[in-house]
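Structure first, commentary second.
Residue numbers run from 1 in the order of the sequence given. First listed ligand is number 1; within each ligand, the first listed atom is number 1.
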Amino acid sequence: MINDTVGIIGGTGWLGGAIAEAVLAKGLVSAGKLIISNRSGKYPLAQQGACLVTDNQDLVDRSDLVIIAVRPEHFASLHINATGKTLISLMAGITAQSITAKTLASAVVRAMPNAAVEIGQSFTPWYCSGGVEATTKSLVQRLFECVGTAAEVQEEDFIDYLSALSGTGPAFPALLMTALANQAMLAGIPGDIAQLAAKNVVVNSSQLLASHDAQQMIDALVAYRGVTAAALQVMRQGDFDEQVGRALQAGAAVARKGLQA
Ligand SMILES: NC(=O)c1ccc[n+]([C@@H]2O[C@H](COP(=O)([O-])OP(=O)(O)OC[C@H]3O[C@@H](n4cnc5c(N)ncnc54)[C@H](OP(=O)(O)O)[C@@H]3O)[C@@H](O)[C@H]2O)c1
């Protein structure tokens with residue numbers, strides 16, 4: 001358990017709330033050293049001993065480490081002076097430079113978790129701007145390991161690109177699952193069976209990839225020259241990799257352009 005006080009601005013939202021619950025559940029932060037803010041002033045974690053405030057400056061003043069977990073469009077109306085503090089921003093599409101200019105923070109960490117924080121299965125790349133001490137970096141890593149895996153990246157642009165990749169969480173699998181089920185139904189498979197089959201592929205069978213190399217798996221299935229090989233071949237001939245590349249670049253372009261209102 002750490003001694004630092006952690007403040008989460010927007011700590012009642014999807015990401016901020018999941019992180020708040022995880023750091024308490026994993027014992028990284030004690031309830032007495034967790035401060036959460038929102039505008040509405042309601043949150044169950046307050047009953048567990050975490051402090052809930054509606055004054056963001058009060059949160060900043062009392063915290064050693066501050067996480068900003070509000071939506072990008074709400075950043076413009078967030079007025080805090082974080083002089084001397086390190087801020088961790090989860091906001092997509094808002095540069096470290098804009099955050100430093102608006103908050104006067106001495107250092108900014110941009111981190112990009114995804115919706116799987118809810119089940120402790122996020123991947124969170126993070127980038128440091130300004131002088132961040134090794135002890136703070138280690139704390140950032142431990143904090144995001146409470147909700148999955150995490151890794152520091154050396155370029156801020158990687159965060160924008162990864163916003164469109166891991167930041168999208170379940171989006172790509174959801175698209176694949178929907179396409180598999182819809183196409184199966186179009187081919188005459190009953191809806192309930194199509195849904196079960198598609199869900200098994202995306203949610204269950206894919207678990208094998210946790211312990212098998214994906215490329216080796218593809219190579220082995222293609223070498224088998226069976227049903228799977230024929231299906232994969234059509235995907236590859238249909239420009240699948242390039243289409244994925246275009247999708248990621250489109251998302252990254254939105255992140256780079258900025259999402260601030
Ligand atoms: N969701 C994702 O999959 C995902 C993935 C990657 C990155 N992100 C980033 O994570 C951030 C949070 O996203 P989210 O999906 O968790 O949003 P969310 O569920 O809407 O949560 C935002 C929270 O911020 C609070 N809030 C808004 N303005 C505030 C203010 N001025 N002061 C204090 N609290 C304030 C809201 O509570 P009140 O309304 O009560 O104030 C709410 O609890 C976003 O910046 C997003 O870019 C999200």
Side-chain angles (χ1 to χ4, degrees), residues 6-23 34-46 50-63 66-82 85 87-96 98-99 102-103 105 108-127 140 143-144 146-151 153 156 158-175 247-248 251-261:
V6 175
I8 309 180
I9 299 178
T12 57
W14 190 351
L15 257 60
I19 290 170
E21 285 182 34
V23 296
L34 181 64
I35 307 175
I36 285 163
S37 76
N38 69 8
R39 294 164 303 182
S40 50
K42 289 186 193 148
Y43 194 52
L45 269 192
C51 178
L52 181 70
V53 298
T54 50
D55 179 345
N56 290 318
Q57 189 59 49
D58 181 31
L59 177 149
V60 170
D61 293 343
R62 291 162 58 192
S63 303
V66 176
I67 301 175
I68 303 183
V70 305
R71 293 189 184 191
E73 61 267 31
H74 291 150
F75 181 57
S77 58
L78 188 69
H79 302 294
I80 51 170
N81 182 329
K85 308 267 176 177
L87 292 182
I88 304 176
S89 164
L90 310 185
M91 297 178 291
I94 300 192
T95 63
S98 319
I99 297 166
K102 183 162 162 49
T103 64
V108 170
V109 176
R110 278 190 67 193
M112 193 48 57
N114 65 39
V117 289
E118 202 178 301
I119 52 167
Q121 296 288 337
S122 172
F123 167 61
T124 307
W126 51 274
Y127 166 81
V140 170
L143 202 131
F144 289 114
C146 288
V147 287
T149 56
V153 298
E156 184 168 6
F158 293 172
I159 294 295
D160 291 328
Y161 187 89
L162 292 169
S163 302
L165 201 168
S166 47
T168 62
F172 284 106
L175 195 66
L248 294 173
V254 171
R256 287 180 188 125
K257 194 168 143 232
L259 294 170
Q260 200 169 352

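Between atom CD1 of residue Ile99 and atom CD1 of residue Ile88 there is a gap of 11.5 Å, rounded to the nearest 0.5 Å. How far OG1 of Thr124 is from CD1 of Ile159: 9.5 Å, rounded to the nearest 0.5 Å. Put simply, CZ on Arg39 and OG1 on Thr12 are 9.0 Å apart, with the number rounded to the nearest 0.5 Å.
Among protein residues, Ile9, Gly10, Thr12, Gly13, Trp14, Leu15, Ser37, Asn38, Arg39, Ser40, Asn56, Ala69, Val70, Arg71, Pro72, His74, Leu78, Leu90, Met91, Ala92, Met112, Pro113, Ala115, Gly167 come within 4.0 Å of ligand 1, judged on heavy atoms.
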Report task. Could you walk me through whether Asp160 and Lys257 pass salt bridge (charged side-chain N to carboxylate O under 4.0 Å, His left out), step by step? Result -> CA-CA 9 Å; Asp160 291 328; Lys257 194 168 143 232; over 6 Å; no
Requested in this report: Starting from the C-alpha separation in whole Å, work towards a yes-or-no answer on side chain to side chain contact (heavy atoms under 4.5 Å, CB included) for Leu78 and His74.
Outcome: CA-CA 7 Å; Leu78 188 69; His74 291 150; over 6 Å; no
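Side-chain atoms of Ser37 and Asn56 form a donor-acceptor pair, as typed in the model, at a separation below 3.5 Å.
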